[in-house]
Amino acid sequence: MKLQDTLELYVKAAVKALFQSELESVEFQATRKEFAGDITVVVFPMLRVVKGNPAVIGEQIGQYLEDNVDLVKGYNVVKGFLNVEIEGSYYVDFFNTIKDQNTYGFIEDKDDKAVMVEYSSPNTNKPLHLGHVRNVLLGYSVAEILKASGKNVYKTQIINDRGIHICKSMLAWQRFGNGETPKSTELKGDKLVGNYYVEFDKAYKKEITELVSQGQSEEEAKKNTPILLEAQEMLRQWEAGDKDVVALWEKMNGWVYDGFEETYKAIGVDFDKYYYESQTYLLGKEFIAEGLKTGVFEQDPDGSVWCDLTKDGLDRKIVLRADGTAVYMTQDIGTAIQRIKDYPDVGGMVYTVGNEQDYHFKVLFLILQKLGFDWAKNLYHLSYGMVDLPSGKMKSREGTVVDADDLIQEMADTAEDISKELGKLDDYSEDEKKVLYKTIGLGALKYYILKVDPKKRILFDPKESIDFQGNTGPFIQYTYARIQSILRKSNLNDDVLLSTATALSINFDEVSLHEKEKQLIKQLEQFPEVIQNAAEQHSPALVANYTYDLVKDFNSFYQNVSILGADSEHEKVFRVALSKSVGQTIKNAFSVLGIDVPERM
RNA sequence: GGUGGCAUAGCUCAGCUGGAUAGAGCACCUGCCUUCUAAGCAGGCGGUCCUAGGUUCGAAUCCUAGUGCCAUCACCA
């Protein structure tokens with residue numbers, strides 16, 4: 001049983017014995033550093049049941065606990081706060097129960113119902129940028145956190161592979177491409193296709209200028225440029241299944257997928273299943289027809305189909321155009337249903353999509369509920385803030401985007417510069433160094449993005465490079481590397497670590513627990529709860545900030561207490577074992593953030 | 001205009017279901033490498049928690065109103 005739960009029973013018993021009153025619950029908080037004690041009982045809420053001076057009541061309860069509870073070593077009362085000191089042996093005993101768990105903090109028995117997490121979901125006409133990076137890191141991490149919290153998880157995305165945007169790239173490539181391929185240009189496929197998307201835009205703008213000089217209004221010109229009309233014609237041909245257009249579409253999308261795959265690999269994320277809009281956009285229609293029969297939807301005289309959500313405080317939402325073609329909503333309805341068909345064990349889904357689409361998902365979830373799907377109540381929009389530059393929004397057409405591949409490379413380069421300056425790795429091979437630079441660079445980037453609350457926007461200044469000191473990924477990685485160094489130098493194998501730490505608890509009087517050691521164990525004790533909270537709140541930031549606190553405590557311990565130079569063998573082994581556990585916890589925490597930890601740095 | 005989100009130190013961010021004198025990092029200043037990796041540690045400076053009301057023993061946290069920024073309100077996605 002958790003310390004808090006145990007104490008709660010005793011505090012209730014104390015109140016019953018002393019004041020003949022029943023408490024419903026007891027409020028605890030961690031004791032602030034400036035006071036003696038380990039855990040604090042807040043007396044104020046009891047005043048509803050027990051009348052009197054809170055300080056006096058605290059005093060009486062404290063005395064009762066000291067007299068009746070072995071765990072309680074002492075107490076003090078400050079105003080209405082009862083600070084309880086816990087026997088050091090409690091912490092040593094607790095540590096003994098976790099020190100050999102490699103999966104500490106994770107729940108291994110999985111729920112029957114799985115969760116599907118969607119993230120990334122890019123368009124196929126341009127490379128991934130910093131905005132996608134946030135999406136991908138968040139989605140991956142939340143998926144891993146959910147796994148760690150005891151869920152089976154499927155990672156997926158929906159690839160927006162059809163529509164006018166890809167036709168624009170296709171057309172530009174046809175016109176200006178001279179048969180270029182990723183191979184012939186040595187460009188990543190997504191970059192090559194993205195270039196033609198830009199080419200299209202250039203030609204388009206030029207044609208607008210021409211038409212305007214011929215007397216058309218700008219508005220007219222935008223609709224009438226030959227190149228746009230041709231792109232629209234291409235889309236019609238695609239929808240009609242024109243062989244040549246489809247072949248070109250397949251070829252160019254193939255290039256993009258290869259490029260994306262490379263980027264995902266570089267970032268270190270993966271997917272269990274891909275969905276393509278081109279394959280699912282028709283599926284929703286069936287259910288629109290179904291919903292029309294059951295009255296969920298209504299048809300206007302022009303043939304368009306709507307869902308009336310005014311009673312739910314929202315608007316009327318179109319789900320099918322007058323010409324019978326699908327809109328975004330149609331396809332999302334179809335995709336959701338398809339996913340449950342494919343994976344019947346899925347009981348809920350998480351959509352990692354920017355907060356600009358909050359309204360869309362509110363509507364989508366509501367419609368799915370109205371259609372009567374029981375899983376529809378377990379849909380969650382993991383809505384996150386935009387990543388903005390000091391100059392404002394990123395705009396691909398204006399060339400202000402921060403490219404994902406470039407960014408990853410720059411982070412590794414910075415890691416390399418710093419590492420070389422510090423010069424601690426002279427005996428590493430070039431290959432080993434390269435891997436390490438990437439680990440550190442990515443660690444910096446991922447931590448930088450994941451440590452902020454998803455719903456808040458991020459301001460990213462490319463000129464001010466991401467820090468490697470303080471509350472950063474590399475700082476935490478560095479601490480991990482230090483711990484590994486100690487483990488190597490201690491020459492203690494696991495058997496010794498296990499047995500001697502146990503011996504310490506038996507002979508506890510010999511050695512008292514150092515403040516810094518106790519603090520570390522308290523911090524370790526929090527980890528499983530942090531994972532559960534992070535899963536409930538879909539927030540990797542909670543894990544990131546926890547890890548930082550843990551690491552700060554460790555570094556303080558490390559600098560103030562000699563580990564390998566401890567006075568007794570007992571102490572030394574205990575401290576090494578404690579360090580090892582902290583290292584394992586860092587590793588576990590970082591694994592759900594998708595960040596690797598190095599043996600040295 | 002309707003709806004939703006955000007607002008905490010010069011900058012970037014924490015602050016769990018309301019609890020003690022609001023915490024970190026960066027930057028700036030002071031110390032600490034002959035002892036386990038100084039990407040570190042110990043300390044200092046720095047706050048009208050956007051504003052005004054309200055709820056209560058107690059509010060950065062909850063409620064109301066206002067201000068500012070962002071998003072959204074398409075037969076776009």
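Reminder, nothing fancy here: chain letters follow the sequence lines and each chain counts from 1.
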Compare side-chain N and O positions of [X] against OP1 and OP2 of [N] and report whether any pair is under 4.0 Å apart.
| X | N | value |
| --- | --- | --- |
| A:Arg321 | B:C76 | yes |
| A:Arg457 | B:C69 | no |
| A:Tyr359 | B:U72 | no |
| A:Lys424 | B:C33 | no |
| A:Lys456 | B:A14 | yes |
| A:Arg32 | B:G23 | yes |

Could you tell me whether the side chain of [Y] reaches within less than 4.5 Å of the side chain of [X], counting heavy atoms only?
| X | Y | result |
| --- | --- | --- |
| A:Met46 | A:Val41 | yes |
| A:Ile466 | A:Thr472 | no |
| A:Trp306 | A:Lys317 | no |

query = If each of A:Leu542 and A:Gln559 is mapped to the nucleotide of RNA chain B with the nearest heavy atom, which maps nearer the 5' terminus, i.e. the 5' end?
reply = A:Leu542

task = Assign each of A:Leu47 and A:Ser485 to its nearest nucleotide of RNA chain B by heavy atoms, then name whichever residue's nucleotide is nearer the 5' end.
result = A:Ser485

If you check the [X] side chain, which of [options] turns out closest?
| X | options | answer |
| --- | --- | --- |
| A:Pro45 | B:G19, B:A77, B:A24 | B:G19 |
| A:Lys489 | B:G25, B:U37, B:A39 | B:U37 |
| A:Thr40 | B:C41, B:C57, B:A20 | B:A20 |
| A:Asp315 | B:U37, B:G40, B:C73 | B:C73 |
| A:Phe475 | B:C41, B:A77, B:A20 | B:C41 |
| A:Asn160 | B:G4, B:A71, B:A77 | B:A77 |
| A:Lys362 | B:G5, B:U3, B:G19 | B:U3 |
| A:Lys455 | B:C6, B:G4, B:C41 | B:C6 |
| A:Ile486 | B:U21, B:A39, B:U37 | B:U37 |
| A:Arg482 | B:U37, B:A71, B:C57 | B:U37 |

message = In terms of relative ring orientation, are A:Tyr546 and A:Phe527 parallel, tilted or perpendicular, with 30° and 60° separating the classes?
response = parallel

In whole Å, I'd like the distance from the [atom1] atom of [X] to the [atom2] atom of [N].
| X | N | atom1 | atom2 | value |
| --- | --- | --- | --- | --- |
| A:Arg575 | B:U35 | CZ | P | 19 Å |
| A:Asn355 | B:U3 | CG | P | 18 Å |
| A:Ile440 | B:A39 | CD1 | C1' | 8 Å |
| A:Ile476 | B:G40 | CD1 | P | 11 Å |
| A:Ile483 | B:A39 | CD1 | P | 16 Å |
| A:Leu364 | B:U72 | CG | C1' | 16 Å |
| A:Phe460 | B:C13 | CZ | P | 12 Å |
| A:Asn545 | B:G25 | CG | P | 13 Å |

Pair partner, [N] [Watson-Crick or wobble, under 3.5 Å]:
| N | value |
| --- | --- |
| B:G18 | none |
| B:U56 | none |
| B:A38 | none |
| B:G4 | B:C70 |
| B:G43 | B:C29 |

Nearest-angstrom distance, [atom1] atom, [N] to [M]:
| N | M | atom1 | result |
| --- | --- | --- | --- |
| B:G31 | B:A38 | C1' | 13 Å |
| B:U30 | B:G19 | P | 38 Å |
| B:C50 | B:U8 | C1' | 10 Å |
| B:A14 | B:C6 | C1' | 16 Å |
| B:G58 | B:C70 | C1' | 34 Å |
| B:A24 | B:C41 | P | 12 Å |
| B:G10 | B:C28 | C1' | 10 Å |
| B:G1 | B:G44 | P | 48 Å |

query = Counting any heavy atom closer than 4.0 Å, what does A:Gln477 reach on the DNA or RNA strands: base, sugar-phosphate only, or nothing?
reply =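 No contact.
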
task = Looking at every strand, decide which applies to A:Met601 at a 4.0 Å heavy-atom threshold: base, sugar-phosphate, or nothing.
result =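 A:Met601: base contact, heavy atoms under 4.0 Å.
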
Taking donor-acceptor contacts at under 3.5 Å, does the side chain of [X] reach the base of [N]?
| X | N | answer |
| --- | --- | --- |
| A:Asn83 | B:A20 | yes |
| A:Ser556 | B:A42 | no |
| A:Thr479 | B:A39 | no |

inquiry  = Quick check: closest heavy atoms across A:Pro127 and A:Phe260, and the distance to 0.1 Å?
reply    = CA-CE2, 4.3 Å

request  = Write down the atom of A:Gln477, the atom of A:Ile595, and the distance for their closest heavy-atom approach.
outcome  = NE2-CG2, 3.7 Å

task = Tell me whether A:Phe81 is stacked on the nucleobase of B:A20, counting only the six-membered base ring and applying the 5.5 Å and 30° thresholds.
result =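 Stacked: centres under 5.5 Å apart, planes under 30°.
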
query = With stacking defined as ring centroids separated by under 5.5 Å and planes differing by under 30°, is A:Phe35 stacked against B:A20?
reply = yes

inquiry  = When you compare the side chains of A:Asp161 and A:Asn253, does any donor N or O come within less than 3.5 Å of an acceptor on the partner?
reply    = no

task = Compute whether any side-chain donor of one residue and acceptor of the other, for A:Thr352 and A:Asn135, lie under 3.5 angstrom apart.
result =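 Short answer, no.
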
request  = Name the orientation of the base relative to the sugar in B:C33: syn if the glycosidic angle is within 90° of 0, else anti.
outcome  = syn

Electrostatic pair A:Asp323:A:Arg321 at N-O distance under 4.0 angstrom = no

